[in-house]
Number of protein chains: 2
Amino acid sequence: MTTRVPQERRRRRPTRSGVLLSEDLIVQTALRLIGEHGPEALSVRRLGAALGCDPTALYRYFHDTDDLVLAIADRIIGDAMAGFTPGDDWAASLREVALRVRAGYLAHPRAAAMAAHRVTRRPNEIRAVETGIGLLLTAGFPPADAARLYLAFIDTVLSHAATEAAFLALPAQQREADHRSWRDVYQDLDPATYPSLTLVRRELPAMADSSFEPAVDLLLEALAARARALKGT
Amino acid sequence: MTTRVPQERRRRRPTRSGVLLSEDLIVQTALRLIGEHGPEALSVRRLGAALGCDPTALYRYFHDTDDLVLAIADRIIGDAMAGFTPGDDWAASLREVALRVRAGYLAHPRAAAMAAHRVTRRPNEIRAVETGIGLLLTAGFPPADAARLYLAFIDTVLSHAATEAAFLALPAQQREADHRSWRDVYQDLDPATYPSLTLVRRELPAMADSSFEPAVDLLLEALAARARALKGT
DNA sequence: GCCTTACGTCAACAGGGTTGACCCAATGTG
DNA sequence: CACATTGGGTCAACCCTGTTGACGTAAGGC
């Protein structure tokens, strides 16, 4: 019943409202829905309504909701890395990879939050690994270090991006509560029991900001330092 | 109606099945439920059944499900940090915080997977933040830097830990398939299109290992370098 | 021993994913 | 051109979910 059928041989029968469904249109509409009405807008029923078809029609194209999410995630990955070519500066290039991955996830947080921890060994990812390790090799790291350090770098990037995506994927209410807590809860603490927090009190609202770029920059600094140390010896 | 009441002044009225409810018992049961039957086993109704009470009784202790999730997260933090006291070496202490947090999450992978990216606003978390920022202050960073750098550090630690927890929370079959892919998929690549991967081919099985400690060490290196630069000026 | 009220219980609602039956029309074939 | 096949859009139904408001009972202060 729910076996996905090759796109090519579809009997494109229009829905009651005249729309011609397709895997592509569904993914596209799902992304639009998330973008316009927030992450929690993605449900089979709402997606059906947005498409102008019965909600259950989607099960002709995807086994279940999870299958749909994976299809969306696959498109996100492809879009994020589209057109990237590494430049001369290996650190700057790694930085761009990081920002691209993150931007791709944040553009569609809910889909990313659901799929980020799953490993899809697809061509796009393999190409990305090739690129990343290549950059560390040009930095002068021996193969063993290049592989291990790339892993540490990309895992950090992916983990951060997934965390930020998961945060954006929260219902607006919880998201704002999390944000506010740095302004509210952490402001009225007893100075005796929390001396350090009291000292940095004025900086705490900034804790709601993203730490993605600071963290990436710290990593790149450490990598650059180690690369310099290699050259020195 | 759902106002949380201080634990001390409770009217401990037994449920129909004779259990005396408490915030503590509920969190503990929730953790057991998640650990045994997966994250999707946590629902108000199932938790009520496991506790031997009406599901809606939980709303006397937590505003809503999210509030419960935050309580679970905070207990994990508390357990992880129990008995920790910062030592003289701020970097070593931060390292221990990182390892403790990670261990706490890995002890409850499935619960961690759903709670790791939240701000709990609860005592255990606040204490942990106080400790961490305090360490960076003793390292010599001015308050603004201490707050921002602590955020970058702890976010990285939490993100990594969440990723590892999510991985452990996967069904064994998928987990092992993921592991194998580094040995299998990445071994038979065309050297012409993937020169870098071919060069580091022998190192790739190690990609299945955790990158947690390498990443933390890179961050601590960068922090130490910045701290030295501060002293120098 | 009374009064207050905390809190356990119950019924109900809105929304979610998913299934199986139904049936029409698009398509390939004769 | 007409027919048989069947893909796929539709519908009704099921069981899940979180959450609310009313209700009444018993716990604890006085």
ask   = Taking atom P of C/dA6 as reference, at what distance in whole Å does atom CG of B/L20 sit?
value = 18 Å
task = Would you mind telling me which of D/dG18, C/dG17, D/dA22 lies closest to the side-chain atoms of B/R60?
result = D/dA22
inquiry  = Distance check needed: D/dG8 P versus A/L51 CG, whole Å only.
reply    = 15 Å
request  = Please report, rounded to the nearest Å, how far the C1' atom of D/dG8 is from the CD1 atom of A/I26.
outcome  = 11 Å
message = Which nucleotide wins on minimum distance to the side chain of A/R13, given the candidates D/dT10, C/dA25, C/dC24?
response = C/dC24
ask   = Between A/E130 (side chain) and B/L197 (backbone), is there a donor-acceptor pair under 3.5 Å?
value = yes
key: Options D/dG9, D/dT17, C/dC10, nucleotide nearest the side-chain atoms of B/S43   = D/dT17
key: Salt bridge B/R121-B/D74, side-chain N to carboxylate O under 4.0 Å   = no
query = Taking atom C1' of D/dG8 as reference, at what distance in whole Å does atom CD of A/E23 sit?
reply = 15 Å
inquiry  = Please report the distance, rounded to the nearest Å, between CG in A/D66 and P in C/dG17.
reply    = 12 Å
inquiry  = On DNA chain C, does the nearest nucleotide to A/R46 precede the nearest nucleotide to B/L58 from the 5' side, or the other way round? Give the residue.
reply    = B/L58
query = Out of C/dG17, D/dG18, D/dT10, which nucleotide sits closest to the side chain of A/T65?
reply = C/dG17
query = Among the nucleotides C/dA21, C/dT18, D/dT20, which one has an atom lying closest to any side-chain atom of B/T56?
reply = D/dT20
remark   = Atom CG of A/D67 and atom P of C/dT18 are separated, to the nearest Å, by 10 Å
request  = Could you tell me whether B/R148 and A/D209 make a salt bridge, using a distance below 4.0 angstrom between a side-chain N and a carboxylate O?
outcome  = no
ask   = Base, sugar-phosphate, or nothing: which does B/R45 touch, judged by heavy atoms less than 4.0 Å apart?
value = base
request  = Taking atom types as modelled, find out whether B/S159 and A/T163 have a side-chain donor-acceptor pair closer than 3.5 angstrom.
outcome  = yes
query = Once you round it to whole Å, what is the distance between C1' of D/dT20 and OH of B/Y59?
reply = 9 Å
Closest to side chain of B/D54, choosing from D/dT10, C/dC10, D/dT17 = C/dC10
request  = Mind telling me whether A/H160 and A/F212 have parallel, tilted or perpendicular rings, with 30° and 60° as the class edges?
outcome  = perpendicular
query = What is the distance from CZ of B/F62 to P of C/dC7, rounded to the nearest Å?
reply = 13 Å
ask   = Which of these nucleotides, D/dG18, C/dG17, C/dG8, is closest to any side-chain atom of A/V44?
value = C/dG17
